[in-house]
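Encoded as structure tokens, the structure appears first; notes follow it.
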Amino acid sequence: MKKFLWILVLGISIILLDSCAKPTVVSVVLPGDDELNCEQLENAVAESQKIKREAEYAKEGTGGNVTRLLLFWPAWAQTLHNADVAIMAANDRIYHLFNIMKKKKCGGVDKIEAQITNTATSINNITGQLKELKEMYKSGDLTEEEYKKAKKKILD
């Protein structure tokens, strides 16, 4: 009976971890980027911005995230990590395309540059996650061991 329970718990844990949100992670540099014309570069920037917005949405207090947090916090932490990776990749792609647009003297470069400089860094995202985690620990929602594991995962 103990073995069956252990297998059941392990199986449920695997299912919950696998249910983490997995936003699209864009490749920063694609072959042929340098051959794109200005309009194609603008479209590629818009596509990367869309992927970034989707990843930011995955970090919000959606029903799935609340469920992950309440039932299995490592899945919630993994969802936040996956979204951060996708956001950083999208930001890097936008910056890469921006540099190509500058070299080609495309219009609309100023608008993209303003977006790049106004973008919150991943450090702010990590800081926010750590603050949220600390609040959960202080309120008693997490044990010390759970807090340490989640903190390590965020920092890694």
Side-chain angles (χ1 to χ4, degrees), residues 1-33 41-101 111-156:
M1 185 67 172
K2 285 184 180 183
K3 188 174 185 177
F4 174 74
L5 272 165
W6 187 83
I7 291 171
L8 182 64
V9 168
L10 181 64
I12 290 172
S13 298
I14 291 171
I15 290 169
L16 287 173
L17 276 175
D18 191 50
S19 69
C20 300
K22 297 175 182 119
T24 305
V25 178
V26 67
S27 296
V28 176
V29 179
L30 294 175
D33 279 347
L41 287 166
E42 285 182 36
N43 290 338
V45 167
E47 183 181 323
S48 295
Q49 289 171 330
K50 179 181 178 231
I51 290 170
K52 179 182 172 185
R53 282 191 304 275
E54 290 170 357
E56 288 170 341
Y57 177 75
K59 290 179 63 171
E60 293 179 4
T62 62
N65 280 346
V66 172
T67 303
R68 286 181 198 94
L69 178 61
L70 294 175
L71 297 177
F72 196 65
W73 67 265
W76 169 75
Q78 185 63 43
T79 296
L80 294 180
H81 173 72
N82 291 346
D84 279 339
V85 169
I87 290 167
M88 287 189 319
N91 283 338
D92 291 345
R93 172 93 176 130
I94 292 167
Y95 184 74
H96 167 71
L97 294 170
F98 167 75
N99 285 333
I100 295 172
M101 290 176 79
K111 183 175 122 181
I112 295 170
E113 185 173 25
Q115 290 172 346
I116 290 171
T117 56
N118 291 333
T119 299
T121 64
S122 64
I123 293 171
N124 291 338
N125 294 333
I126 291 171
T127 303
Q129 290 176 30
L130 291 172
K131 284 180 183 176
E132 200 171 310
L133 196 62
K134 190 172 186 177
E135 289 175 12
M136 290 174 59
Y137 173 68
K138 284 183 178 180
S139 70
D141 291 338
L142 296 176
T143 65
E144 185 174 350
E145 182 180 328
E146 291 170 333
Y147 170 75
K148 287 179 180 178
K149 283 182 183 177
K151 182 179 176 183
K152 183 178 183 330
K153 186 151 189 114
I154 290 170
L155 293 173
D156 289 343

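Not measured: the values here are computed from a predicted model.
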Can you check whether Lys134 reaches Lys151 side chain to side chain, under 4.5 Å on heavy atoms?
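Of all side-chain heavy-atom pairs linking Lys151 with Lys134, none is under 4.5 Å.
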
Do the non-hydrogen side-chain atoms of His96 and Ile100 ever get within less than 4.5 Å of each other?
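The answer is yes; the side chains approach within 4.5 Å.
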
Tell me, with the steps shown, if Leu41 and Val45 meet side-chain contact (heavy atoms from CB on, under 4.5 Å).
CA-CA 6 Å; Leu41 287 166; Val45 167; 5.6 Å; no

Go through the structure and list residues passing side-chain contact (heavy atoms from CB on, under 4.5 Å) with Glu135, not counting sequence neighbours.
none

Identify, with sequence neighbours excluded, every residue that meets side-chain contact (heavy atoms from CB on, under 4.5 Å) alongside Lys148.
Glu144

Any residue meeting salt bridge (Lys or Arg N to Asp or Glu O under 4.0 Å) with Lys152, in chain and number order, not counting sequence neighbours:
Asp156

Listed partners of Lys149 passing salt bridge (Lys or Arg N to Asp or Glu O under 4.0 Å), at least two apart:
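Lys149: salt bridge (Lys or Arg N to Asp or Glu O under 4.0 Å) contacts with Glu145.
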
Which atoms form the tightest heavy-atom contact between Ser48 and Leu97, and what is the distance?
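Where Ser48 meets Leu97 most closely, the heavy atoms are OG-CD1, 4.4 Å.
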
Can you tell me how far [atom2] of [Y] sits from [atom1] of [X], rounded to the nearest 0.5 angstrom?
X     : Y     : atom1 : atom2 : result
Asn99 : Ile94 : CG    : CD1   : 12.5 Å
Glu54 : Lys52 : CD    : NZ    : 13.0 Å
Asp84 : Glu56 : CG    : CD    : 10.0 Å

Under 6.0 Å from the CD atom of Glu146, do we count more than 12 heavy atoms belonging to anything else shown?
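Yes, because the 6.0 Å sphere around CD of Glu146 holds more than 12 heavy atoms from other groups.
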
Enumerate the residue pairs fulfilling salt bridge (Lys or Arg N to Asp or Glu O under 4.0 Å) with a member in residues 88-100, sequence neighbours excluded, ordered by first and then second residue.
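Those involving residues 88-100 are Asp33-Arg93.
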
